[in-house]
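Only heavy atoms go into these numbers, but all of them, side chains included; no hydrogens, no water, no symmetry mates. Each ligand, and each atom within it, is numbered from 1 in the order the structure gives.
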Amino acid sequence: MTLNAPITDTPPAAEVERPTAQAISNFYEGMRPFWHPVLREADLSERKIVRVELLGVGIALARLNGEVRALRDLCRHFQAQLSLGEIIDLDGKDLVMCPYHGWSYGGDGQCERIPQLVAGRKIPPSAKVDSYRVTTRYGLIWVCLAEQPHFDIPDYPEWLDNSYRTVTMVEDEVTRTSSTRMIMGTLDDTHFPWVHEGILGTRDDPSPPEHKVWREGQYLVLQYEAEQPPNIATTDMSADGAAAQEKVKLVYTDYVGMPNVIRLVKDSVAGRYVVWLATCPNAYNRTTNFWAFSRNYDMQPDRDHAYEEFSAHVRSQDRPILESQRPWLIPPFWSQVELPLGPADKPLMEFQKWLEELGIVTQI
Ligand code: FES
Ligand SMILES: [Fe+2]
């Protein structure tokens, strides 16, 4: 497909249905040099190995001598999954032991024990599995598959701020879409009156707001004014007369931490409400979503469940739409596959352009 190709009514069928092997490989390569959240810290207990999948790569996570480590989940001997094994202690050093023949690896991936080794023979240096950069932040374990991450993990200042209350949402099931589509779907505001009618918008006023979009370091920033129905994400409903208002004025400032994290900041007279989404691209068409929601009003802990239910409801409205989109991966900017509409879709177009610059979508 060439740039500036004329728009046709019927996009090429194969491209719409599924990406080519080349497009999938571009996506994986392009996404490698970034931090991706893979698991909640709380879900990795001591002496337990957990398998996660990131960009099609199986990873065994474990706490070795108190530090979280990430190893390729594929034994160098005969390729069994290390995550089916156990953690052993060898002279005070924790190792991940393969369940098949007991080869055991340190946090750097080097094999340090081969039970079948003949006396006098050394462990070959090639008995090694890949190990990856790993760190923890915002209650999550993050992994970068490349040697050097392109950007730091994006900021989430409200998480660290005691004047906010934060609830988190864990989705049991992966979402059948790409992580870049998840981010785009969360950045998209013109769907509010359609998918979230009566909650985030109303169909009597579908006109798009005036978007200001710019780049700031590693962030794509979007700002606009909006009016939304009164609810707990726009209003302190315990305040007198709150529910009687017809619409609430607010300012949205959205920060996309390129390419896989988004923080929506909603400022209104009630205070600030923040939606944070960090996506894990398990594969090109499977994404695990880690959500958090912060507010600096209506601070009673027993009110948290109302925010959890509200968020889960909004999420359930979005999910089938996002899962219906094809191709799984966002196509190159201005391909024949889609028909973005300026200026309403400008934020999405800018996100897409940046993805293309990062090599995450490329012409094939
Ligand atoms: S396959 Fe892992 S020790 Fe043999
Ligand atoms: Fe939505």
Side-chain angles (χ1 to χ4, degrees), residues 49 51 58-60 62 71-88 90 95-106 109-118 121 123-124 126-131 169 171 175-177 179-203 206 208-209 222 224 226 228-229 231-234 250 252 254 256 262-266 273-277 279 287 289 291 293 307 309-325 344-345 347-348 351:
I49 309 172
R51 177 184 167 87
I59 298 171
L71 300 179
R72 179 98 194 263
D73 193 14
L74 195 68
C75 181
R76 186 73 174 83
H77 183 214
F78 282 127
Q79 295 75 54
Q81 284 185 10
L82 299 177
S83 55
L84 298 174
E86 57 193 91
I87 298 173
I88 59 157
L90 184 70
L95 303 176
V96 170
M97 185 180 78
C98 177
Y100 202 0
H101 312 91
W103 289 31
S104 303
Y105 301 86
Q110 184 60 52
C111 183
E112 303 200 14
R113 177 175 177 256
I114 296 182
Q116 301 80 14
L117 204 65
V118 179
R121 272 192 66 189
I123 294 175
S126 56
K128 193 172 197 285
V129 296
D130 287 343
S131 68
M169 182 164 75
E171 294 181 359
T175 302
R176 306 285 308 187
T177 189
S179 83
T180 40
R181 280 216 186 267
M182 265 315 297
I183 296 297
M184 201 187 221
T186 311
L187 178 66
D188 181 330
D189 60 284
T190 59
H191 79 282
F192 289 168
W194 309 99
V195 180
H196 311 293
E197 196 189 11
I199 299 176
L200 300 179
T202 52
R203 290 188 188 183
L222 164 63
Y224 59 95
Q228 292 187 344
N231 56 54
I232 58 173
T234 55
L250 48 126
Y252 266 86
D254 302 347
V256 180
I262 185 166
R263 176 170 148 257
L264 309 182
V265 177
K266 294 170 72 164
Y273 184 78
V274 179
V275 175
W276 184 79
L277 166 65
T279 61
T287 301
N289 298 308
W291 297 89
F293 308 88
Y307 289 85
E309 279 166 23
F310 178 88
S311 307
H313 179 60
V314 171
R315 175 69 186 118
S316 72
Q317 293 177 317
D318 280 321
R319 183 191 271 261
I321 307 289
L322 286 162
E323 292 189 327
S324 78
Q325 288 180 285
D345 295 328
L348 311 186
F351 174 61

Residue pair T190, D188: steps toward the side-chain hydrogen bond (donor to acceptor under 3.5 Å, both in side chains) verdict
CA-CA 6 Å; T190 59; D188 181 330; 3.3 Å; yes
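Of all protein N/O/S atoms, those lying under 2.8 Å from the Fe ion (ligand 2) come to 4.
Aromatic pair Y224/Y252: centroids less than 6.0 angstrom apart.
When the side chain to side chain donor-acceptor pair (under 3.5 Å) test is applied to R176, no partner is found at least two apart in sequence or on another chain. In terms of the side chain to side chain contact (heavy atoms under 4.5 Å, CB included) criterion, residue partners of H77 (sequence neighbours excluded) are, by chain and number, C75, H101, W103.
Considering every non-hydrogen atom in both Q228 and L200, the closest pair reads NE2-O, 3.2 Å. Summarising the geometry of I232 relative to Y307, their closest heavy-atom pair is O-CE2, 3.3 Å, with the distance given to 0.1 Å. Across every non-hydrogen atom of V129 and Y105, the tightest pair is CG1-CE2, 3.8 Å.
R263 and T186 share no donor-acceptor pair across their side chains, judged by distance under 3.5 Å alone.
Within the sub-2.8 Å shell of atom 2 (Fe) of ligand 1, the protein contributes these N/O/S atoms: C75 SG, C98 SG.
The closest side-chain heavy-atom distance from M97 to I87 is not below 4.5 Å.
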